Amino acid sequence: MRIFNFSAGPAVLPTAVLEQVRDELLDWHGTGMGIMEMSHRGKDFTGVINEAEADLRELMGIPSNYRVLFLQGGATQQFAQIPMNLLDGRSADYIVTGSWSKKAYKEAQHVGPVRLAGSTEGDGFSRLPAASELRLDPGAAYLHVCTNETIHGVEMFDLPTVPAGVPLVADMSSHILSRPMDVSRYGLIYAGAQKNIGPAGLVLVIVREDLLGKASASTPSVMNYATMADNGSMLNTPPTFGIYLAGLIFKNLKSQGGLAAVEQANIAKAKRVYDAIEGSGGFYRNPVAADCRSRMNVPFTLSNPALDAEFLAEAAERKLAGLKGHKSVGGMRASIYNAMSLDGVDALVALMQDFAARKA
């Protein structure tokens, strides 16, 4: 029996997709070999990556003037790769709303001039900054945000008002494909795969074509978006297995009715967890302002931290894994990505209610 995996990432994947991978592992579509063994330049894998891109474009409504790149590494590598490609001799603005946007801002400082345009660190990253708190540069090369902070559980449902002509760059690693997004509002979207897309080691970059060709002269070819786009993400050998699995995930999401249907399921799951927190009489607490509570990552604390270990032990007995909070904030965290079932959420809520009834 598979456990209910609430890990923040690498995270739960759809069982049906994993079963298909298992069945195709030794022999993909009668070729006599697995997808990991075939040439990335052969017609079979070329078909896989082209189909994955087409399905992603359909799911997200990606306009034709955007390029989709399947790259190696992860979102953390993009913290440096983005300014290398987009600064173009100027400065960039960063809004810091949690650990990941803070790391992106810090890493970008190694590459070139960047500004802190707003931060909620003084409030423990428990909310998003108001428009009046932002100091945006109308001449910035780009404005960077993290639209869902995995550790602190803060999600942007309304984007900041961006100065005209300034591209919005968004780290969507932990909530991409969880709901419809208007891609045209962004200059660049990036996302590590290990939350809602597939295995670690693959990162997606969706970039508007007019932002290509701005990389500094010192940028290595393999880190130059324009070069990778010109080579169809295959300047070097791409992460073929990750791309194959991502393609299966895209088809799985399409079979569910697309991102509008996925969003409704995610709203229902998140509501059950937050209702359990709010209905506990203070036994459980979530520190995030109600208007920006993440649907994907729900951090919560117990009123008595001495009970944390016992709560996790009982969770393990019930086959609920990955609930320990990030070391920087403590407590608990339930990551309820697309592939987390409603049954898993109900099992967590049952534990929370039963534990509180006995320990309050």
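What you see below is based on every heavy atom in this structure, not just the backbone, and it leaves out hydrogens, waters and symmetry mates. None of the values given here were measured: they were computed from a predicted structure.
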Let me have the donor-acceptor pairs involving side chains of residues 80-87, under 3.5 Å, with sequence neighbours excluded, atom names and distances please.
unit_1	atom_1	unit_2	atom_2	d
Gln81	OE1	Gln77	NE2	3.1
Gln81	OE1	Gln78	NE2	3.1
Gln81	NE2	Met223	O	3.1
Asn85	OD1	Tyr225	N	2.9
Asn85	ND2	Gln81	O	2.9
Asn85	ND2	Met223	O	2.8

Can a donor-acceptor pair be found, under 3.5 Å and without considering hydrogens, that links the side chain of Ser101 to the backbone of Thr97? yes
Do Ile151 and Val329 come close enough that some side-chain heavy atom pair is under 4.5 Å? yes
With a 4.0 Å cut-off on N to O distance, would you call Arg127 and Glu133 a salt bridge? yes
Could you tell me if the side chain of Val349 sits less than 4.5 Å from the side chain of Gln353, heavy atoms only? yes
Would you confirm whether the ring centroid of Tyr94 sits within less than 6.0 angstrom of the ring centroid of His144? yes
Please answer whether the main-chain N or O of Thr150 pairs with a side-chain N or O of Arg333 as donor and acceptor at a distance below 3.5 Å. yes
Work out which heavy atom in Ala229 is nearest to a heavy atom in Leu69; give both atom names and the distance. CA-CD2, 3.6 Å
Verify side-chain contact (heavy atoms from CB on, under 4.5 Å) between Phe6 and Met332, making sure each step is shown before the conclusion. CA-CA 10 Å; Phe6 292 93; Met332 308 297 155; over 6 Å; no
Return the NZ to CG distance between Lys319 and Leu351, rounded to the nearest 0.5 Å. 14.0 Å
Counting C-beta onward and ignoring hydrogens, is there a side-chain heavy-atom pair between Leu177 and Val262 closer than 4.5 Å? no
Can you check whether Leu302 reaches Glu310 side chain to side chain, under 4.5 Å on heavy atoms? no
Any donor-acceptor pair under 3.5 Å linking the side chain of Lys269 with the backbone of Ser341? no
Is there a path of hydrophobic side-chain contacts, each under 4.5 Å between heavy atoms, that joins Trp28 and Leu202? yes
Single-linkage hydrophobic cluster, 4.5 Å side-chain cutoff, Tyr244 and Ile249 together: yes
Quick one: pull up CD in Gln256 and CG in Leu59 and give me the separation to the nearest 0.5 Å. 10.0 Å
Interatomic distance, CE@Met60 vs CG@Leu253, rounded to 0.5 Å, equals 11.0 Å
Considering all heavy atoms of both residues, which atom of His40 and which atom of Pro238 are nearest to each other, and what is their separation? CD2-CD, 3.5 Å
Could you report the tightest heavy-atom contact between Val203 and Ala75, atom names first, then the distance? CG2-N, 4.1 Å
I'd like to know whether Phe70 forms a side-chain contact (heavy atoms from CB on, under 4.5 Å) with Met228, so could you lay out the CA-CA distance, the side-chain angles of the two residues, the decisive distance to 0.1 Å, and finally the verdict. CA-CA 9 Å; Phe70 295 93; Met228 295 302 288; over 6 Å; no
Atom of Arg115, atom of Asp93 and distance for their closest heavy-atom approach: NH1-OD1, 2.5 Å
Just do the salt bridge (charged side-chain N to carboxylate O under 4.0 Å, His left out) check on Arg318 and Asp354 with the steps written out, would you? CA-CA 12 Å; Arg318 299 189 187 206; Asp354 178 51; 2.7 Å; yes
Tell me whether Gln72 contacts the main-chain N or O of Thr237 through its side chain, where contact means a donor paired with an acceptor under 3.5 Å. yes
Looking at Pro160 and Ile95, what are the two nearest heavy atoms and their distance? CG-CD1, 4.1 Å
Please answer whether the main-chain N or O of Met234 pairs with a side-chain N or O of Arg41 as donor and acceptor at a distance below 3.5 Å. yes
Val345 side chain reached by Val273 side chain, heavy atoms, under 4.5 Å: yes
So Phe300 and Tyr284, would you call those rings parallel, tilted or perpendicular, with 30° and 60° as cut-offs? perpendicular
Between Arg293 and Glu155, does any side-chain N to carboxylate O distance fall below 4.0 Å? no
Taking the side chain as C-beta and beyond, is there a heavy-atom pair between Thr301 and Arg285 under 4.5 Å? yes
Test of understanding: with ring pair (Phe, Tyr, Trp, His ring centres under 6.0 Å), list the residues that count as partners of Phe125, not counting sequence neighbours. His152
Can we say Lys103 and Glu107 salt-bridge, meaning some charged N sits less than 4.0 Å from an Asp/Glu carboxylate O? no
Does the side chain of Ser178 come under 3.5 Å of the side chain of Asn266 through a donor N or O and an acceptor N or O? no
Pairwise side-chain contact, Phe250 with Arg57, heavy-atom cut-off 4.5 Å (strictly under): no
When rounded to the nearest 0.5 Å, the distance separating CG of Leu307 from CD of Glu314 is 9.5 Å
Separation of Asp275 CG from Ser280 OG (nearest 0.5 Å): 11.0 Å
Compare all side-chain heavy atoms of Lys195 with those of Met296 and state whether any distance is below 4.5 angstrom. no
Cluster question for you: counting only ILVMFWY and a side-chain heavy-atom cut-off of under 4.5 Å, with indirect links fine, are Leu168 and Leu212 together? no
For the side chain of Glu149 and the backbone of Trp100, is there at least one donor-acceptor N/O pair under 3.5 Å apart? yes
How many angstroms lie between atom CD1 of Ile189 and atom CZ of Arg208, to the nearest 0.5 angstrom? 11.0 Å
The test is side-chain hydrogen bond (donor to acceptor under 3.5 Å, both in side chains); show your working for His29 and Thr31 and say whether it passes. CA-CA 6 Å; His29 293 205; Thr31 59; over 6 Å; no
Joint cluster assignment, Tyr274 & Val288, ILVMFWY side-chain distance < 4.5 Å: no
Charged N-O contact under 4.0 Å between Glu58 and Lys254: yes
Are the side chain of Asn148 and the backbone N or O of His175 linked by a donor-acceptor pair below 3.5 Å? no
Keeping the roles fixed (side chain from Tyr337, backbone from Ser7), state whether a donor-acceptor pair exists under 3.5 Å. no
Let me see the working for Leu136 and Val166 under side-chain contact (heavy atoms from CB on, under 4.5 Å), right down to the final yes or no. CA-CA 10 Å; Leu136 303 179; Val166 177; over 6 Å; no
Would you check if the side chain of Asn252 reaches a backbone N or O of Leu248 as a donor-acceptor pair within less than 3.5 Å? no
Where do Asn5 and Ala11 come nearest, in terms of heavy atoms and distance? ND2-C, 3.9 Å
Does the side-chain contact (heavy atoms from CB on, under 4.5 Å) test come out yes or no for Tyr142 and Leu188, once each step is laid out? CA-CA 9 Å; Tyr142 60 87; Leu188 184 148; over 6 Å; no
Do Leu143 and Leu211 belong together in a cluster built from hydrophobic side chains that touch within less than 4.5 Å? no
For residues Asn297 and Ser335, is any side-chain donor paired with an opposing acceptor at under 3.5 Å? yes
Does CG belonging to Asp23 count more than 12 external heavy atoms closer than 6.0 Å? yes
For the side chain of Thr147 and the backbone of Asp171, is there at least one donor-acceptor N/O pair under 3.5 Å apart? yes
